[in-house]
Amino acid sequence: MARILITSAIPYINGIKHLGNLVGSQLPADLFARYNRARGHEVLFLCATDEHGTPAELAAAKTGEPVDEYCARMWGVQKELSDGFGLSFDKFGRSSSPQNHALTQHFAGKLAEAGLIEEVTESQVYSNADGRFLPDRYIEGTCPNCGYDRARGDQCENCTKQLDPTDLIEPRSAISGSTELEVRETKHLYLKQRSLRKELSDWIDTKTDWPILTTSIARKWLNDGDGLQDRGITRDLDWGIPVKKGDQDWPGMEGKVFYVWFDAPIEYIACAKEWSDERGAPDAEWERWWRTDKGADDVRYVQFMGKDNVPFHTLSFPATIIGSGEPWKLVDYIKSFNYLNYDGGQFSTSQGRGVFMDQALEILPADYWRWWLLSHAPESSDSEFTWENFQSSVNKDLADVLGNFVSRVTKFCRSKFGEGVPAGGAWGAEEEALIARLTEGLAAYERHMEAIEVRKAAAELRALWVAGNEYLQSAAPWAAYKEDPERAAAVVRLALNLIRVYAVLSAPFIPDAAARMLSSMNTLDTEWPGDMRAALEALPAGHAFTVPDVLFRKISDEERADWETRFAGTR
RNA sequence: GGGCCUGUAGCUCAAUUGGUUAGAGCAGAGCGCUCAUAACGCUUUGGUUGGGGGUUCGAGUCCCUCCGGGCCUACCA
């Protein structure tokens with residue numbers, strides 16, 4: 001039994017995430033977690049909300065709530081939605097937790113002891129009206145290059161020129177519109193990533209099995225231009241983790257907080273402590289997942305994220321861990337994803353374009369979304385959601401191939417033998433062929449799952465469902481029943497058992513439907529079919545079952561047309 | 001500007017890393033079945049692998065070039 005630590009990129013607290021965010025990290029991470037649990041491995045699957053930073057403060061100001069209350073409320077919203085999608089986190093934590101405060105400060109202290117922190121005095125734009133320093137993106141003005149009057153302080157969206165906030169003509173706050181801006185000096189801590197460059201580079205070079213998307217982004221940041229740069233890890237904000245050196249004050253850094261990108265990955269670790277603390281367990285409980293000196297040396301740690309997160313997970317966070325000089329677990333495999341587009345464009349939160357997690361669950365059960373998103377995961381390049389594709393895939397795969405299989409088997413059995421597994425008859429050549437086919441397909445499915453080839457795993461699972469229909473067609477129990485009811489009984493007995501096997505194999509993708517299949521088969525046996533022959537005899541003759549309701553109703557053309565309009569944006 | 005990824009059947013994607021005749025699913029066509037959610041099964045049409053050039057006994061795969069799509073470029077997270 002292996003031990004597998006899985007983390008999904010932690011979603012920002014600000015607002016409800018869309019399907020593109022979901023398929024880029026949390027959903028495939030859940031698939032992998034469920035699969036490994038089903039294989040009997042010990043899994044710790046962690047996620048959390050990423051709560052600090054300017055956007056959270058502004059979002060809270062907009063609703064009139066104190067930022068801590070806003071975050072607590074939004075954590076609840078996101079938790080409910082992740083439950084709704086069946087995301088099986090062992091702990092869904094918060095980056096604002098006391099555990100993360102302590103651990104983030106601890107890491108900063110260790111990095112300082114190691115001489116990897118530098119204090120830098122720099123100039124930043126301060127807005128008197130807003131009473132805060134403004135990140136470059138929150139300063140607007142006229143572009144000196146093209147004259148566009150809504151250029152941002154980091155870049156002009158019109159002419160794409162890189163800018164410095166002081167380049168802008170008539171700069172103003174993007175928050176309040178105030179032009180009362182001034183440049184103030186402020187002191188910040190920098191993580192000296194440059195001195196860890198060689199170590200990080202060597203480490204990345206050993207990761208020959210990582211997706212090319214992951215390593216190429218890491219190498220670019222390591223080698224581009226002057227190479228890996230030191231990184232500011234503090235900000236002048238109220239909402240965040242106060243800058244401390246361990247539990248000691250940090251002279252000169254009063255009133256400052258750590259930058260979200262410093263504390264957010266540390267929450268992966270702190271979340272494990274949240275998980276054990278809430279059960280009153282000792283620290284050893286979470287440390288055996290994270291400390292290689294306390295049992296984590298045999299843990300395989302896998303991270304899931306969208307490509308925009310890769311630099312922080314391949315370089316910044318490892319720099320924090322390596323730089324601490326302490327034996328923390330480093331990531332073993334990073335699975336990164338491209339973006340999911342929506343019907344010819346991007347998902348857009350501001351324009352309400354595309355399907356968001358809450359809306360998705362309002363119109364269809366989670367399994368529909370899970371299946372489509374995972375079977376179309378943007379692994380090799382950006383992929384695209386269209387309603388037409390969604391409707392046809394889901395109707396065909398889930399309703400026709402899997403759902404109808406369950407339906408035809410259970411209803412045929414009920415009408416000929418009653419609602420119990422029928423006795424009699426024997427297996428012949430067709431059953432042997434099916435067992436061989438399923439055994440072979442299952443091996444491929446396992447290979448793809450272990451390689452985290454999500455789309456390939458989905459295709460193989462579907463092929464296993466198809467094999468059941470092929471078998472029924474050739475064994476034709478409805479024909480056999482007329483001449484040789486015992487033969488029909490043997491076929492139906494196998495087919496009913498196949499429903500249980502499908503439930504077990506499909507559960508990582510479609511957990512709710514899998515649970516209903518097991519429930520209608522009246523069994524709690526979720527044993528992985530390592531021996532397919534034995535697995536197809538798990539439900540013995542005489543075992544009672546019930547005919548389930550339709551597993552997946554089909555999406556009609558009317559619904560599709562309706563949703564197409566509804567989610568087109570700018571409602 | 002620089003870098004990276006990507007372009008394969010009408011659509012969504014494969015192709016064991018340079019090796020026989022480029023394969024699946026959906027959609028289309030034909031046939032079969034009648035247990036089933038008008039579901040299932042079988043057969044089948046469909047490709048100058050974005051264009052051009054090169055290396056090689058051999059290129060979807062490697063190199064050059066052009067065209068299209070996307071991402072990143074460090075203070076949004």
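The shown structure was predicted, so the numbers you read here are calculated from the model rather than taken from an experiment. Protein chains get the first letters and strands the later ones, always in sequence-line order, with residue 1 at the start of each.
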K.L.:
With sugar-phosphate meaning primed atoms plus P, OP1 and OP2, does V260(A) contact a base, only sugar-phosphate, or nothing at under 4.0 Å between heavy atoms?
P.N.:
sugar-phosphate
K.L.:
Under 4.0 angstrom, heavy atoms only, what part of the nucleic acid is D308(A) near: base, sugar-phosphate, or nothing?
P.N.:
base
K.L.:
Name the pairs: protein N/O against N/O of nucleotides 26-34 of chain B, kept only if under 3.5 Å.
P.N.:
unit_1	atom_1	unit_2	atom_2	d
G32(B)	N2	Q473(A)	NE2	3.2
C33(B)	O2'	W478(A)	NE1	3.4

K.L.:
Checking K335(A) against F337(A): charged group under 6.0 Å from the ring centre and within 45 degrees of the axis?
P.N.:
yes
K.L.:
Rounding to an integer number of Å, can you tell me how far L402(A) CG sits from C40(B) P?
P.N.:
12 Å
K.L.:
My understanding is that only residues two or more places apart in sequence, or in another chain, count here; which of them pass ring pair (Phe, Tyr, Trp, His ring centres under 6.0 Å) with Y481(A)?
P.N.:
F417(A)
K.L.:
Does W563(A) have any ring pair (Phe, Tyr, Trp, His ring centres under 6.0 Å) partners at least two apart in sequence or in another chain, and if so, which?
P.N.:
W387(A)
K.L.:
Answer yes if the ring centres of F385(A) and Y342(A) are under 6.0 angstrom apart, and no otherwise.
P.N.:
yes
K.L.:
Compute whether any side-chain donor of one residue and acceptor of the other, for S178(A) and S127(A), lie under 3.5 angstrom apart.
P.N.:
no
K.L.:
With a 4.0 Å cutoff (strictly under), does any side-chain N or O of Y471(A) reach OP1 or OP2 of G41(B)?
P.N.:
no
K.L.:
Please list, by residue number, the residues of residues 403-414 of chain A whose heavy atoms come closer than 4.0 Å to an atom of RNA chain B; answer none if no residue qualifies.
P.N.:
G403(A), N404(A), S407(A), R408(A), K411(A), F412(A)
K.L.:
Would you say Y339(A) reaches C72(B)'s phosphate, i.e. side-chain N/O to OP1/OP2 under 4.0 Å?
P.N.:
yes
K.L.:
Within the 4.0 Å heavy-atom criterion, would you say L472(A) contacts the bases, only the backbone, or no part of the nucleic acid?
P.N.:
nothing
K.L.:
Given pairs defined as Watson-Crick or G-U wobble with both distances under 3.5 Å, what dot-bracket annotation applies to RNA chain B, with ( ) intrastrand, [ ] crossing, | other strand and . unpaired?
P.N.:
(((((((..((((.....[...)))).(((((.......))))).....(((((..]....))))))))))))....
K.L.:
Taking only residues two or more places apart in sequence or in another chain, which ones pass ring pair (Phe, Tyr, Trp, His ring centres under 6.0 Å) with F509(A)?
P.N.:
W371(A)
K.L.:
Mind checking if E453(A) touches a base, just sugar-phosphate, or nothing, with heavy atoms under 4.0 Å?
P.N.:
nothing
K.L.:
Report the residues that fulfil side-chain hydrogen bond (donor to acceptor under 3.5 Å, both in side chains) with K411(A), sequence neighbours left out, ordered by chain and then residue number.
P.N.:
none
K.L.:
Apply the syn/anti split at 90° from 0 to U34(B) and say which one it is.
P.N.:
anti
K.L.:
My understanding is that only residues two or more places apart in sequence, or in another chain, count here; which of them pass ring pair (Phe, Tyr, Trp, His ring centres under 6.0 Å) with F405(A)?
P.N.:
Y502(A)
K.L.:
Take a 6.0 Å sphere around CD of E122(A) and say whether it holds more than 12 heavy atoms from other residues, nucleotides or ligands.
P.N.:
yes
K.L.:
Using a 4.0 Å heavy-atom cut-off, write out nucleotides 7-15 of chain B from 5' to 3' as B (base contacted by protein), S (sugar-phosphate only) or - (no contact).
P.N.:
-----SSSS
K.L.:
In residues 13-22 of chain A, what residues come within less than 4.0 Å of RNA chain B, judged by heavy atoms?
P.N.:
none
K.L.:
Going by side-chain hydrogen bond (donor to acceptor under 3.5 Å, both in side chains), name the pairs with one or both residues in residues 398-407 of chain A, residues two or more places apart or in two chains.
P.N.:
D400(A)-K554(A)
K.L.:
Measure from the side-chain N and O atoms of E379(A) to the backbone N and O of R455(A), and report whether any donor-acceptor pair falls under 3.5 Å.
P.N.:
yes
K.L.:
Counting the atoms with a prime plus P, OP1 and OP2 as sugar-phosphate, which does Q124(A) contact under 4.0 Å by heavy atoms, base, sugar-phosphate, or nothing?
P.N.:
base
K.L.:
What's P55(A) touching, base or sugar-phosphate or nothing? Going by heavy atoms closer than 4.0 Å.
P.N.:
sugar-phosphate
K.L.:
Between G41(B), A74(B), C75(B), which one does the side chain of Q229(A) approach most closely?
P.N.:
A74(B)
K.L.:
At less than 4.0 Å, is any side-chain N or O atom of K220(A) found next to OP1 or OP2 of G2(B)? Yes or no.
P.N.:
no
K.L.:
Can you check nucleotides 43-46 of chain B for protein contacts, nitrogen or oxygen pairs under 3.5 Å, and list what you find?
P.N.:
none

